[in-house]
Structure formats: C-alpha cells, structure tokens
Amino acid sequence: MKDYKLSGSIVVYNKAEDAIKTVQSVVDNTGDNFSLYVIDNNSREKINEQLKKKFAVNYIDLGENVGFGRGHNRVLDKIDSKYHFVINPDILINGDTIDNLCDFMDSHPDCVIACPKVENPDGTVQYIAKKRPRLLSLIARRIRLPFLKKYEDDYLMRAANQDESFEIDFCTGCFFVIRTDVFKEIGGFDSDYFLYFEDADITMRAKQKGKAYYAPCASVTHFWHRETATSKRRFFTQLKSMFIYFSKWGFKL
C-alpha cells in the first residue's frame, strides 16, 4: 500500500450480507493507511455489531435514509486523505485495485476523478465509462429497440478499447476514486439528488477542476442489479433525478 493516507466510504441500505463481503474485500486488500467508513442509511438489519466483531472500520448509523450521495457526504469533514474511494456495497476489489488506481492518479496529475474496469462476476465487462447522458441513450437502455441501440452504444463508449485508458464524462458511482481536496472543494455529491445521476453530476463538477478518466489498470467485480427495471418507485426516483440533471447541465436529445 501507498505511504500516504487513503480513505473510502460505503453507503449501506439493507442487504447486510453483501455489504459485509464488500467490507471484507476492502479490508483484506488495504493497509493501516486506508480509513474505511461504512454509512448505514437506517437499514432494517443493522450491521454495526457484525462489523465490530470482524473489522476495524468507522461505522456511522444515520438513523434515516438520506440517499446515496448525501450518505457519502457524511465523511467530508472526517477525511484528510490524498485520495478518496466511493464504493458500492455490491463491489469486490482485489489486491491491486487500490494501488493501481493511486498509481494512475499519481502519474496523471491532470486527473481528478477516475473509475476502473468494472466486471461482471463471470469476468465480462460492464460498460461503465460513459459520455454525458442524453435522453435517447437513456431511453435506449430501458427500451431495447434495434434502431435505438446506436445511442446506447455511443453513450457506453462500446467502440473504445476497454483495455486502454481514455477520458470520459461520467464516472459510475459503483466505484471511483477522487482527489480528496477536490471532493471537499466541490462539496461532495449534490444533495438535490436522492439516488441516480448524482454520479454523473459529481463527475461534471469534478471536471471543472481537471479531467475524468477510465483507468483499466485496475478492476473490480460488480454484482449489479438493475432495480429500476423491477421497482416502480425506483424508476420514478430515476426520472426525478434525470430531470434535476438535465435542468442543471442542459438537455440533450
């Protein structure tokens, strides 16, 4: 591990078993210079006692569900690291993930935020390095029609070589690294978002301070569940967040 301070945060809402696996993978693959914060958005199944038995992590029980970005923001006044990692509770990292991303940031001083290669459990690539959201690309992701596929492919940058680094507009919130001073300077995530698009938004604001990159020198495994496809409440939350994003950054058809 690096000899400078690092930090990471995981926001948990239920699914304690998955979250504990994520914490285990982070703890197993980091050192004493990595401060991990687990923020509990008032889960029905509290994981505090389970964490205390196994891990030396910082546990923050919010007592209410404040949403994804606002949960991560609770560490802003607690961290003094060089780089901060935003981690979903359905992510597994390996021994090289953190060091490789730090090396990438060290060697790219113009980079303020970056995401690694994200893989499915079977090893296939999840296309998480994206361009700016536009309406047609978002529709194409939900309604699988042949004539819309080109918009989805463009949005997900499928034509790009996924084994090489390149600049992007949108770092996925499932896992990214950001310079801590930039994270603090921009005030973390925009609290107007409860869930969805807050990662697209923070990438745009971070890009006002530097560049965003896809960095496949590091990889993580993501046990992804597309809950908007099965939950009407989540779908409408996504629509609200999409409206906030387009109102702030401009509408693109």
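Excluded from the calculations below are hydrogen atoms, water molecules and symmetry mates; all remaining heavy atoms, backbone and side chain alike, are included. In this text, all values refer to a predicted model and were calculated from it rather than measured experimentally.
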Student: For the residue pair Y245 and W249, categorise the inter-ring angle as parallel (less than 30°), tilted (30 to 60°) or perpendicular (more than 60°).
Tutor: tilted
Student: Starting at OG1 of T221, measure out to CG of N94 and round the result to the nearest 0.5 Å.
Tutor: 7.5 Å
Student: Would a single hydrophobic cluster contain both V75 and V66, if residues Ile, Leu, Val, Met, Phe, Trp and Tyr are joined by side-chain heavy-atom contacts under 4.5 Å?
Tutor: yes
Student: Step by step, work out the side-chain hydrogen bond (donor to acceptor under 3.5 Å, both in side chains) result for Q126 and N120.
Tutor: CA-CA 6 Å; Q126 288 182 15; N120 294 301; 2.6 Å; yes
Student: Under 3.5 Å, is there a donor-acceptor pair between the side chain of N29 and the main chain of S25?
Tutor: yes
Student: Do any N or O atoms from the side chain of R179 and from the backbone of M105 form a donor-acceptor pair under 3.5 angstrom?
Tutor: yes
Student: Below 30° counts as parallel, above 60° as perpendicular, anything between as tilted: where do the rings of F189 and F68 land?
Tutor: perpendicular
Student: Salt-bridged, D153 to R158, with N to O below 4.0 Å?
Tutor: yes
Student: If Ile, Leu, Val, Met, Phe, Trp and Tyr residues are connected whenever their side-chain heavy atoms lie under 4.5 Å apart, and connections chain through other members, are I79 and I202 in the same group?
Tutor: yes
Student: Indicate yes or no for a side-chain donor-acceptor contact from Q162 to the backbone of M157 under 3.5 Å, with no hydrogens or angles considered.
Tutor: yes
Student: Answer whether the closest heavy-atom distance between the side chains of K5 and D80 falls below 4.5 Å.
Tutor: yes
Student: Measure from the side-chain N and O atoms of S241 to the backbone N and O of Y193, and report whether any donor-acceptor pair falls under 3.5 Å.
Tutor: no
Student: Where the side chain of N41 meets the backbone of G67, is there a donor-acceptor pair that is under 3.5 Å apart?
Tutor: yes
Student: Which heavy atom of R74 sits nearest a heavy atom of D77, and at what distance?
Tutor: O-OD1, 3.6 Å
Student: Check whether Y151 and F246 end up in the same hydrophobic cluster, where Ile, Leu, Val, Met, Phe, Trp and Tyr are linked by side-chain heavy atoms less than 4.5 Å apart.
Tutor: yes
Student: So, K207 and D169, do they make that salt bridge, N to O below 4.0 Å?
Tutor: yes
Student: Nearest heavy-atom pair of C102 and L6: which atoms, and what distance?
Tutor: SG-CD2, 3.7 Å
Student: Go through the steps to decide whether Y4 and N33 satisfy the test side-chain hydrogen bond (donor to acceptor under 3.5 Å, both in side chains), and finish with yes or no.
Tutor: CA-CA 7 Å; Y4 43 71; N33 65 327; over 6 Å; no
Student: Count I, L, V, M, F, W, Y as connected when their side-chain heavy atoms are under 4.5 Å apart, and connections chain through other members. Are L239 and L148 then in the same cluster?
Tutor: yes
Student: Establish whether F170 and L135 are linked, either directly or via other cluster members, by ILVMFWY side-chain heavy-atom contacts under 4.5 Å.
Tutor: yes
Student: Look at the side chain of T97 and the backbone N and O of S219, then say whether any donor-acceptor pair between them is shorter than 3.5 Å.
Tutor: yes
Student: Strictly distance-based, threshold 3.5 Å: is any side-chain N or O of D110 a donor or acceptor partner for the main-chain N or O of G210?
Tutor: no
Student: Assess whether a salt bridge exists between D90 and K15, defined as any Lys/Arg side-chain N lying under 4.0 Å from an Asp/Glu carboxylate O.
Tutor: no
Student: Passes side-chain hydrogen bond (donor to acceptor under 3.5 Å, both in side chains), S7 versus H84? Steps please.
Tutor: CA-CA 5 Å; S7 58; H84 182 74; 2.7 Å; yes
Student: Out of the candidates K248, R205, R70, only one should pair with D190 under the salt bridge (Lys or Arg N to Asp or Glu O under 4.0 Å) rule; please name it.
Tutor: K248
Student: Let me confirm one number: the CG-NZ distance from D154 to K131, rounded to the nearest 0.5 Å.
Tutor: 3.5 Å
Student: Closest approach of S9 and I39, non-hydrogen atoms and distance?
Tutor: CB-CD1, 3.8 Å
Student: How long is the gap from OG1 on T172 to CG on D199, to the nearest 0.5 Å?
Tutor: 5.5 Å
Student: Would you name the heavy atoms of F166 and N161 that are closest together and state the gap between them?
Tutor: CE2-O, 3.5 Å
Student: State, to 0.1 Å, how close G71 and L62 come at their nearest heavy-atom pair, and which atoms those are.
Tutor: CA-CD1, 4.3 Å
Student: Parallel, tilted or perpendicular: which describes the rings of F104 and Y213, with under 30° parallel and over 60° perpendicular?
Tutor: perpendicular
Student: Has K184 got more than 12 heavy atoms of other residues, nucleotides or ligands less than 6.0 Å from its NZ?
Tutor: yes
Student: To the nearest 0.5 Å, what is the distance between NZ on K117 and CD on E164?
Tutor: 10.5 Å
Student: If you round to the nearest 0.5 Å, how far is CD1 of I93 from CG of D28?
Tutor: 9.0 Å
Student: Taking atom CD of E167 as the centre, report whether more than 12 heavy atoms of other residues, nucleotides or ligands fall under 6.0 Å from it.
Tutor: yes
Student: What is the minimum heavy-atom distance between I113 and C171, and which atoms define it?
Tutor: CG1-SG, 3.9 Å
Student: How long is the span from the CD1 atom in I10 to the CG atom in D40, to the nearest 0.5 Å?
Tutor: 11.5 Å
